[in-house]
2 protein chains.
Amino acid sequence: MNENRKATIADVAREAGVSTATAGRVLGGYGYSSGEKRDLVLKAAEMLGYQPNQLARSLITGQTRTIGFVAGDIQSPFFAKILRGVSDVLDTQGFGLLITNSDEAVDGEVHSIRLLMEKQIDGLIISPCDTEGAKHLKKLAQTTPMVLIDRQVAGLDVDSVGVDNAGAAELCVRNLIDTGHERIGMVAELHSGPWKDVGSFVHMVRARGGEAGPMYPSWQRFMGYIRAHDAAGLPLDLSLIARVNSYSIEDTKIAAKQLLRQPNGPTVLFTTDGLMTEGTMAAIFETGLQMPEDISLIAFDDLDWMSFVRPGIDSIAQPRRKMGETAARMLIERIAGNDGPPRREMLPVRHNERGSVRDIRNARR
Amino acid sequence: MNENRKATIADVAREAGVSTATAGRVLGGYGYSSGEKRDLVLKAAEMLGYQPNQLARSLITGQTRTIGFVAGDIQSPFFAKILRGVSDVLDTQGFGLLITNSDEAVDGEVHSIRLLMEKQIDGLIISPCDTEGAKHLKKLAQTTPMVLIDRQVAGLDVDSVGVDNAGAAELCVRNLIDTGHERIGMVAELHSGPWKDVGSFVHMVRARGGEAGPMYPSWQRFMGYIRAHDAAGLPLDLSLIARVNSYSIEDTKIAAKQLLRQPNGPTVLFTTDGLMTEGTMAAIFETGLQMPEDISLIAFDDLDWMSFVRPGIDSIAQPRRKMGETAARMLIERIAGNDGPPRREMLPVRHNERGSVRDIRNARR
DNA sequence: TTTTGCTGTGAGAACGTTACCACACTTTGT
DNA sequence: ACAAAGTGTGGTAACGTTCTCACAGCAAAA
């Protein structure tokens with residue numbers, strides 16, 4: 001046998017003096033085999049340093065024991081933490097994990113998915129970048145198990161994992177109102193959706209009584225903001241909404257600065273995700289305002305540093321790792337054959353109070 | 001043809017009225033084919049929604065166009081950023097990316113590698129958790145292209161990407177000395193290596209004139225610390241070295257607190273990586289010390305928040321994304337057949353001054 | 001005794017591609 | 001005009017597994 005070539009089942013079989021079928025059964029752990037032959041085969045395999053070739057196995061079984069993950073951007077802590085959860089669960093089940101990023105663009109998403117499908121993944125975890133059309137996802141869902149994470153897609157009935165964005169935001173804003181805040185600013189990347197502008201979105205939400213179909217998390221968080229205002233009878237002032245056009249720190253900083261400088265500005269800022277928070281932090285820093293004396297801040301999504309800066313930053317923490325774990329588990333169940341109705345897992349968030357929100361009930365500034 | 005089964009080359013060939021060989025040549029883009037037949041095949045493929053099966057292709061070509069990445073922990077910003085760089089380069093070349101984490105343990109590393117090898121990856125990018133033995137890596141390197149990232153392994157001559165840790169740390173500490181600091185604390189997870197204790201490491205470094213073989217980055221950074229002291233004629237005080245036993249924020253915080261509270265403590269802290277920095281930040285925060293009045297801080301590894309906290313944190317920034325990109329490019333070249341001598345890429349770091357280091361030349365506190 | 005069922009084994013097909021070869025037809029070079 | 005080289009095509013053997021059979025032995029059940 002050629003020394004520098006990898007040993008195959010046939011090599012092992014020859015060495016052990018059995019048929020390839022028998023060697024295959026022993027090595028692959030299926031079918032029957034006697035203790036005697038088993039020892040023979042195992043010894044031969046050991047001697048030749050046999051390592052199974054998953055490729056060949058997959059080709060015939062139709063299962064690769066590999067799943068794909070399409071993230072917006074894996075370097076963001078949000079996706080990185082989710083990824084870790086996914087990876088942990090997959091690891092215990094002997095699954096591999098192929099990752100790609102869509103960069104939140106449909107093109108990238110389509111490209112990623114094709115690459116993954118060519119590699120014959122058994123299932124897909126994806127954070128879709130479009131909550132409306134996503135024709136490619138609907139088609140794919142018919143043949144491949146799929147779990148959505150963070151976001152849902154209208155008309156795509158598959159498993160999904162996320163949090164109650166609107167509810168969490170509503171509670172958060174209600175708390176702000178309860179502590180005396182009446183001018184609550186929001187910094188959000190409200191990705192252009194089916195709504196022309198922020199105003200028409202408000203209109204839509206009110207028309208539907210605060211409930212609406214799938215939409216981006218940031219829109220859902222905005223919806224919570226609206227509901228809290230309406231419930232408290234506090235009028236909405238859309239000039240307090242800083243809508244960031246591109247998903248970048250720099251643009252966020254600019255938008256937040258503008259918001260902070262405007263006359264009769266907000267007493268508190270609510271940021272809708274980690275990147276918005278970082279941009280806003282930079283804006284506050286550069287504007288020279290003191291937290292929480294001059295401006296309060298509360299952030300959706302918890303980040304490492306929020307607990308050890310001064311003041312600590314109040315936040316709504318999503319269980320990111322658990323989201324990943326849950327998604328992975330759901331997907332594996334689907335791959336194993338579970339064909340029950342789609343489930344929408346809503347994991348609870350945690351509200352962290354750390355001192356960046358000032359109680360201004362007795363202190364008009 | 002069965003509708004719900006994926007179309008194969010044979011299906012396309014039948015539909016187009018050509019042989020599977022011809023269809024294969026057109027679809028696979030190899031060998032000769034006439035314009036006429038090509039159109040026929042392409043049309044049939046389009047109609048049947050043909051998607052190639054990489055598995056079958058790989059089985060015969062022996063190339064999967066997939067590479068593996070073994071990180072310490074993908075959720076850490078360090079690895080996440082590197083991963084992004086790797087992913088970007090791979091994407092442009094049509095390569096897939098399988099990830100696993102070793103959790104910095106040899107067991108995990110071995111397990112990860114076996115999983116990856118069974119999936120027949122074409123190459124491996126790894127941040128090895130052992131800089132000494134790593135027998136499994138040496139064996140693997142004979143058959144599989146491999147690039148080391150962040151760390152090197154003694155006796156493993158393969159491509160690697162990293163920064164000049166000792167040099168960067170030395171420059172950093174020299175700057176601290178130049179600004180008047182004489183009691184420079186260090187917070188580091190000095191993973192147990194071939195040295196019994198910190199003292200014998202110092203001895204070894206001096207014996208070798210400040211040069212030594214492969215070791216963990218944190219040890220290299222410590223080496224820079226030693227070299228800067230020796231060059232300036234400043235005596236080393238090992239009581240200023242907080243050696244963290246486990247790689248955890250909590251333990252780091254405890255160790256740093258202890259260092260801060262000891263009599264005749266440091267005027268500045270040098271932290272050797274992101275996690276050390278976070279733990280140290282927490283310690284400073286909880287101790288109630290003011291930065292930079294009471295204590296200065298400079299960190300190895302730059303993190304997002306360092307620019308927008310008060311004061312900004314001075315740091316040594318590694319080009320993490322570029323490290324990933326470089327590693328990926330080197331690996332792809334190896335896979336393509338480059339068998340030149342191993343290269344050790346040393347990328348330049350950036351020193352960020354942001355205000356967390358106080359100049360105490362004229363101000364004894 | 002005959003049946004039934006379980007255990008164990010090997011030969012060979014199958015998975016979906018590319019590699020290799022044989023062959024035919026064209027073009028080029030002398 | 002003839003060889004040599006370049007095109008285009010189809011048949012079929014790989015790649016390394018698992019799957020499907022057929023068949024044999026042996027025990028327990030009828």
Side-chain angles (χ1 to χ4, degrees), chain A residues 1-2 4-42 44-45 48-66 94 117-122 143, chain B residues 1-2 4-42 44-45 48-66 94 117-122 143:
Chain A
M1 197 208 60
N2 195 333
N4 54 20
R5 215 200 36 177
K6 280 187 185 164
T8 71
I9 281 196
D11 298 325
V12 174
R14 200 175 314 117
E15 181 69 30
V18 300
S19 71
T20 62
T22 301
R25 275 187 291 258
V26 173
L27 267 12
Y30 55 93
Y32 294 109
S33 52
S34 66
E36 185 195 3
K37 302 262 175 181
R38 186 155 46 237
D39 289 348
L40 242 49
V41 171
L42 256 26
L48 299 175
Y50 170 77
Q51 294 231 159
N53 183 334
Q54 268 274 10
L55 241 49
R57 182 176 293 170
S58 296
L59 183 58
I60 188 163
T61 60
Q63 298 249 314
T64 52
R65 289 192 86 74
T66 300
M117 289 314 295
E118 284 186 358
K119 298 209 185 297
Q120 309 296 117
I121 53 168
D122 289 343
T143 61
Chain B
M1 197 207 58
N2 194 335
N4 53 21
R5 213 200 36 175
K6 281 186 186 163
T8 72
I9 281 198
D11 297 326
V12 174
R14 200 176 314 118
E15 181 69 30
V18 300
S19 71
T20 62
T22 301
R25 276 186 292 257
V26 173
L27 266 12
Y30 55 91
Y32 294 109
S33 54
S34 66
E36 185 196 1
K37 302 261 175 182
R38 188 156 43 238
D39 289 348
L40 242 49
V41 171
L42 257 24
L48 299 175
Y50 170 78
Q51 296 233 157
N53 182 336
Q54 268 274 10
L55 241 49
R57 180 176 294 171
S58 297
L59 184 58
I60 188 161
T61 59
Q63 298 249 315
T64 52
R65 288 191 87 73
T66 300
M117 289 314 294
E118 285 186 357
K119 299 211 185 296
Q120 309 295 116
I121 51 168
D122 289 343
T143 61

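Just so it is clear: chains get the letters A, B, ... in the order the sequence lines come, proteins before strands, and each one is counted from 1. Values reported hereafter were calculated over all heavy atoms of this structure, with side chains retained and with hydrogens, waters and symmetry mates removed.
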For [N], does either OP1 or OP2 sit under 4.0 Å from a side-chain N or O belonging to [X]?
{"X": "B:Y30", "N": "C:dT18", "result": "yes"}
{"X": "A:T22", "N": "C:dG10", "result": "yes"}
{"X": "A:S19", "N": "C:dG10", "result": "yes"}
{"X": "A:Y32", "N": "C:dG8", "result": "no"}
{"X": "B:S34", "N": "D:dT9", "result": "yes"}
{"X": "A:K6", "N": "D:dG16", "result": "no"}

ask   = From A:L42 CG over to A:K37 NZ, what is the distance, rounded to the nearest 0.5 angstrom?
value = 14.5 Å
Starting at atom [atom1] of [X], determine the distance to atom [atom2] of [N], rounded to an integer number of angstrom.
{"X": "B:Q63", "N": "D:dC15", "atom1": "CD", "atom2": "P", "answer": "17 Å"}
{"X": "A:L59", "N": "C:dT17", "atom1": "CG", "atom2": "P", "answer": "9 Å"}
{"X": "A:N53", "N": "C:dT17", "atom1": "CG", "atom2": "P", "answer": "17 Å"}
{"X": "A:E118", "N": "C:dG16", "atom1": "CD", "atom2": "P", "answer": "15 Å"}
{"X": "B:R38", "N": "D:dG8", "atom1": "CZ", "atom2": "P", "answer": "8 Å"}

note = Which of B:N53, B:T22, B:V26, B:L27 passes side-chain contact (heavy atoms from CB on, under 4.5 Å) with B:I9? It is B:L27
task = Determine the minimum heavy-atom distance between B:R57 and B:P52, stating which atoms define it.
result = NH2-CB, 3.5 Å
Which nucleotide in [options] has an atom nearest any side-chain atom of [X]:
{"X": "B:R25", "options": "D:dC15, D:dT17, D:dG10", "value": "D:dG10"}
{"X": "A:T61", "options": "D:dG16, D:dT18, C:dA19", "value": "D:dT18"}
{"X": "A:K37", "options": "C:dT17, C:dG10, D:dC19", "value": "C:dG10"}
{"X": "A:S33", "options": "D:dT17, D:dC15, C:dT9", "value": "C:dT9"}

inquiry  = We want to know whether A:K119 and A:T66 form a side-chain donor-acceptor pair, criterion being a heavy-atom distance below 3.5 angstrom.
reply    = no
